[in-house]
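Working notes, structure below.
All figures in this text were calculated on a predicted structure; none of them were measured in a lab.
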Amino acid sequence: MRAVLHGCQRGTELSGEEFDLVRDLLDMHPEAADKIGAGVVSILVDRGPQPEYPKYSSFYLVRTDGVKDDFSYQACLKHPSLRSKVHNVMQVEILGKKTAYFDSRIAAGTFMSDESGVALQLSDTAVSHFLGPSFAQIADEFSAVEGGWEAIELTPSTDQGLGRFIDRGQAERWSAWWEDRAVLGLLTQSENRARPRA
């Protein structure tokens, strides 16, 4: 994060892997839902918000509603919200289904962007919640039905491997909930980045 922040000139709009890295980190911010709002259009490096520290740079997000807001990568790393932790594990729990969808599109000969119709490259493709609710909306609704984020227990972060739901029955309910509501599509990485996630 430090290399990205200090390796870019002020006013630089992040793209490619740098954007993906910082955008994923933003989901871990303790105030991610409020910061992200309806979605993030771009992420910039610019002068920090404190005028008393003119040499410092900061990350800024630009939302779909035009709001520009700074955020600290250190806050994201030190204090990830419970919501972001559970979201990450929810993604792990459905990874096999998203991979199966990706493979089915290749097998069917429909390996093109559902937004623009361009032919896709394996290295530049994202499985996206293209139509219908976003992943975050599906996840947040499931959490509410289950009794809130605290009601979803995760394997300890000290365990080897990817995080999982401790209650495997709850994991099955989540998987079924997601499958009933997710409308997937294939997009280029840049098309997917422009879509709202909140």
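Counting non-hydrogen atoms of other residues, nucleotides and ligands closer than 6.0 Å to CD of Glu141 gives a total above 12. Residue Gln121 places its CD atom among 12 or fewer non-hydrogen atoms of other residues, nucleotides or ligands, all under 6.0 Å distant. Within a 6.0 Å sphere centred on CZ of Arg168, heavy atoms belonging to other residues, nucleotides or ligands number more than 12.
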*Carefully, step by step, assess Arg23 and Val40 under the rule side chain to side chain contact (heavy atoms under 4.5 Å, CB included).*
CA-CA 8 Å; Arg23 179 61 186 85; Val40 174; 3.8 Å; yes
*Which is it for Arg105 and Asp114 under the salt bridge (Lys or Arg N to Asp or Glu O under 4.0 Å) test, yes or no, and what are the steps along the way?*
CA-CA 11 Å; Arg105 291 288 299 268; Asp114 291 312; 2.8 Å; yes
*Evaluate the criterion side chain to side chain contact (heavy atoms under 4.5 Å, CB included) for residue pair Asp46 and Phe59; output intermediate values, then yes/no.*
CA-CA 7 Å; Asp46 215 335; Phe59 288 119; over 6 Å; no
*Where do Phe135 and Ile94 land on the side chain to side chain contact (heavy atoms under 4.5 Å, CB included) test, with the steps shown first?*
CA-CA 11 Å; Phe135 172 83; Ile94 60 167; 3.8 Å; yes
*Test Leu186 against Tyr101 for side chain to side chain contact (heavy atoms under 4.5 Å, CB included), laying out the working first.*
CA-CA 9 Å; Leu186 295 183; Tyr101 174 80; 3.9 Å; yes
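One hydrophobic cluster, built from ILVMFWY side chains closer than 4.5 Å, holds both Phe111 and Leu184. A single hydrophobic cluster is not seen to contain both Val62 and Val67; linkage of ILVMFWY side chains at heavy-atom distances under 4.5 Å, directly or through other members, places them apart. Both Val45 and Val22 belong to a common hydrophobic cluster when Ile, Leu, Val, Met, Phe, Trp and Tyr are linked at side-chain heavy-atom distances under 4.5 angstrom. The cluster map of Ile, Leu, Val, Met, Phe, Trp and Tyr, joined by side-chain heavy atoms under 4.5 Å apart, puts Leu21 and Val41 in different clusters. Val127 and Leu131 sit in two unconnected hydrophobic clusters of ILVMFWY residues. Membership requires side-chain heavy atoms under 4.5 Å apart, directly or through other members.
Between the side chain of Gln137 and the backbone N or O of Ser134 there is at least one donor-acceptor pair closer than 3.5 Å. A distance-only check finds a donor-acceptor pair linking the side chain of Ser143 to the backbone of Trp149 [under 3.5 Å].
What you find for Phe71 and Cys76 is that their closest heavy atoms are CD1-SG, 4.3 Å. Nearest heavy-atom pair, Met112 versus Leu120, reported as atom, atom and distance to 0.1 Å: C-CD1, 3.4 Å. Scanning both residues, Ile138 and Pro133, for their nearest heavy atoms gives CG1-CG, 3.8 Å. Nearest heavy atom pair, residue Ala182 against residue His129, reads CB-CD2, 3.8 Å.
Contact check on Lys35 versus Asp69 returns a salt bridge, with a Lys/Arg side-chain nitrogen under 4.0 Å from an Asp/Glu carboxylate oxygen. A salt bridge is defined here as a Lys NZ or Arg NE, NH1 or NH2 lying under 4.0 Å from an Asp or Glu carboxylate O, and Arg83 with Asp27 fails to meet this definition.
The line from CG of Leu154 to NZ of Lys85 is 8.5 Å long, rounded to the nearest 0.5 Å. The CG atom of Leu187 sits 5.0 Å away from atom OG of Ser113, with the distance rounded to the nearest 0.5 Å. With values rounded to the nearest 0.5 angstrom, Phe142 atom CZ is found 5.5 Å from Ile152 atom CD1. Atom OG of Ser72 sits about 6.0 Å away from atom NE2 of His29, to the nearest 0.5 Å. Rounding to the nearest 0.5 angstrom, the gap separating the OH atom in Tyr73 from the CZ atom in Arg2 is 4.0 Å. Going from atom CZ of Arg10 over to atom OG of Ser58 covers 10.0 Å, rounded to the nearest 0.5 Å.
With hydrogens and angles left out, the side-chain atoms of Ser128 and Asn192 include a donor and acceptor closer than 3.5 Å. In this model, no donor atom of one side chain and acceptor atom of the other lie less than 3.5 Å apart for Ser175 and Glu93. Side-chain atoms of Asp140 and His87 include a donor-acceptor pair closer than 3.5 Å.
Counting only heavy atoms from C-beta outward, the side chains of Glu18 and Cys8 approach each other to under 4.5 Å. Using a 4.5 Å heavy-atom threshold, the side chains of Met90 and Phe165 count as touching. At a threshold of 4.5 Å between non-hydrogen side-chain atoms, the residues Gln189 and Thr125 do not count as touching. No side-chain heavy atom of Ser57 sits less than 4.5 Å from a side-chain heavy atom of Arg47. A heavy-atom distance below 4.5 Å is found between the side chains of Lys97 and Trp178. A 4.5 Å side-chain heavy-atom check between Leu14 and Leu44 finds every atom pair outside the cut-off. Using a 4.5 Å heavy-atom cutoff, the side chains of Arg63 and Ile36 are not in contact. The shortest side-chain heavy-atom distance between Leu77 and Gln74 does not fall under the 4.5 Å cut-off.
A cation-pi arrangement, defined by a distance under 6.0 Å to the six-membered ring centre and an angle within 45 degrees of its axis, is present between Lys68 and Tyr60. For the pair Arg181 and Trp177, the distance from NZ or CZ to the six-membered ring centre is under 6.0 Å and the angle to the ring normal is within 45 degrees.
By the ring pair (Phe, Tyr, Trp, His ring centres under 6.0 Å) test, Tyr56 pairs with Tyr53, sequence neighbours left out.
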